[in-house]
J.: 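Structure in structure tokens, see below.
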There are 6 protein chains.
Amino acid sequence: MADWLTSLQTDTPQEGFELAIKLARKGVGYTQPSAEVRDKLRPEYAENADSLTAASQVVATHYQTVAAANHYWK
Amino acid sequence: MADWLTSLQTDTPQEGFELAIKLARKGVGYTQPSAEVRDKLRPEYAENADSLTAASQVVATHYQTVAAANHYWK
Amino acid sequence: MADWLTSLQTDTPQEGFELAIKLARKGVGYTQPSAEVRDKLRPEYAENADSLTAASQVVATHYQTVAAANHYWK
Amino acid sequence: MADWLTSLQTDTPQEGFELAIKLARKGVGYTQPSAEVRDKLRPEYAENADSLTAASQVVATHYQTVAAANHYWK
Amino acid sequence: MADWLTSLQTDTPQEGFELAIKLARKGVGYTQPSAEVRDKLRPEYAENADSLTAASQVVATHYQTVAAANHYWK
Amino acid sequence: MADWLTSLQTDTPQEGFELAIKLARKGVGYTQPSAEVRDKLRPEYAENADSLTAASQVVATHYQTVAAANHYWK
């Protein structure tokens with residue numbers, strides 16, 4: 001797979017959050033590499049509250065990693 | 001997306017908790033950017049015990065991050 | 001919301017555990033602010049094994065935070 | 001509630017694991033204080049693989065806390 | 001219960017992973033002590049993708065503990 | 001089982017992410033050792049949004065471990 005992640009460092013907490021979202025999506029992408037299939041699945045879960053909560057849980061877990069890597073931007 | 005997170009520092013543990021809630025919601029917001037759709041979903045899961053527990057789990061995960069960032073407000 | 005959390009410090013590991021339970025419930029309370037609705041939901045999940053396990057999971061996550069904040073009461 | 005947790009320190013990793021199990025059960029006990037109800041629920045989830053896995057997940061989370069509290073028994 | 005865990009130290013990251021698997025199974029074993037029942041449940045969840053993912057999640061959580069206990073084998 | 005993990009060290013954050021994916025799959029592989037069965041299950045969950053999110057959650061948990069082992073590649 002092409003390079004998509006060269007550093008966990010970000011300038012701000014918000015950019016770190018957006019990196020956590022990217023990591024969460026990549027976790028899906030490695031299991032389901034077809035963008036076509038992923039696009040087909042998106043409407044289904046993006047309108048399901050529990051699916052959205054589960055996605056937010058993955059982001060929260062990655063954000064712990066990114067925030068630690070950035071010493072919480074202090 | 002406009003700036004919504006400039007620091008993980010808060011004055012009190014309670015404000016930190018409220019920041020964790022904001023982070024949990026943002027995790028949903030990045031996946032489902034339509035406020036209209038999110039508003040439609042809210043009644044459904046806000047009256048479902050398991051959905052509320054899952055939402056509380058995301059908050060707990062973010063609260064670990066925020067609390068660490070604030071040295072547990074000590 | 002009125003002040004409900006001024007410190008993560010507790011005198012004993014057990015009081016810390018009870019604080020973790022409070023935090024787990026507050027995570028629900030911010031999403032579903034109606035005590036009436038929450039009371040209506042309680043019997044349903046308090047007699048469901050999987051719901052109770054999920055609630056215990058949230059407590060476990062918060063307990064990590066509280067225990068770290070108290071240096072594990074050492 | 002009577003005292004049930006005075007320390008996170010244990011002599012061995014195994015006793016720490018057993019403390020984690022106790023913590024997981026207490027997380028349930030605070031939500032469903034009736035031992036009678038909990039006993040009624042037990043057969044149901046103790047023969048359900050996914051329920052057992054979820055219970056094991058709570059134990060794993062508490063074990064992180066107990067192990068850290070004991071410096072991993074080193 | 002007989003001694004089954006005397007140390008979290010392992011020689012290699014792989015042995016640590018195998019210890020994490022043991023811990024995950026013990027978390028089940030304390031809740032369902034009957035090997036006969038556990039054996040009966042195994043085929044059911046070992047052929048269910050979501051059950052396997054949940055089991056892998058427990059292992060991942062324990063692996064965090066074991067890896068930290070071994071200073072990540074460095 | 002043959003050696004498959006000799007170190008948690010990787011050269012880059014992306015290789016660390018790929019190691020986390022390997023760890024997540026190994027967590028499944030120890031529970032369901034049959035590659036044939038795993039291959040049969042794959043299409044089912046690789047086209048299910050919630051299954052993919054759950055898989056991504058396991059990866060996120062392992063990535064915390066791998067990132068810590070590498071001092072966040074700093």
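Letters A, B, ... are given to chains in the order of the sequence lines, protein chains preceding strands, and every chain is numbered from 1. Everything quoted here is computed from the prediction, not taken from an experiment. Only this structure's heavy atoms are used, side chains among them; waters, hydrogens and symmetry mates stay out.
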J.: Given heavy-atom pairs under 4.5 angstrom as the criterion, report whether the side chain, backbone, both or neither of Ala68(D) touches chain C.
T.: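 Its backbone and side chain both get close to chain C.
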
J.: Please classify the contact between Ala46(C) and chain D as side chain, backbone, both or neither, with a heavy-atom cut-off of under 4.5 Å.
T.: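 It is both, since atoms from each part get that close.
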
J.: Quick check on side-chain contact (heavy atoms from CB on, under 4.5 Å): which of Glu18(C), Gln14(C), Glu15(C) does Leu5(D) satisfy it with?
T.: Gln14(C)

J.: How close do Ile21(C) and Tyr30(D) get, counting heavy atoms only, and between which atoms?
T.: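 The answer is CD1-CG, 3.0 Å.
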
J.: Evaluate side chain to side chain contact (heavy atoms under 4.5 Å, CB included) for Tyr63(C) paired with Val66(D), printing each intermediate quantity in order.
T.: CA-CA 10 Å; Tyr63(C) 196 51; Val66(D) 175; over 6 Å; no

J.: Of all of Ser51(C), Pro13(C), Ala24(C), which one pairs up most often with chain D through heavy atoms under 4.5 Å apart?
T.: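 The candidate making the most pairs under 4.5 Å is Pro13(C).
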
J.: Can you tell if the side chain of Trp4(D) reaches within under 4.5 Å of the side chain of Leu23(D), non-hydrogen atoms only?
T.: yes

J.: Select one option (side chain, backbone, both, neither) describing which atoms of Ser7(D) are under 4.5 Å from chain C's heavy atoms.
T.: backbone

J.: Checking side chain to side chain donor-acceptor pair (under 3.5 Å) for the pair Gln64(C)/Thr61(D): CA distance, chi angles, key distance, verdict?
T.: CA-CA 8 Å; Gln64(C) 291 189 331; Thr61(D) 304; 5.4 Å; no

J.: If we define contacts as heavy-atom pairs under 4.5 Å, which of Ala60(C), Gly16(C), Ala49(C) has the most with chain D?
T.: Ala60(C)

J.: Using heavy-atom distances under 4.5 Å, tell me whether Val28(D) contacts chain C through its side chain, its backbone, both, or neither.
T.: both

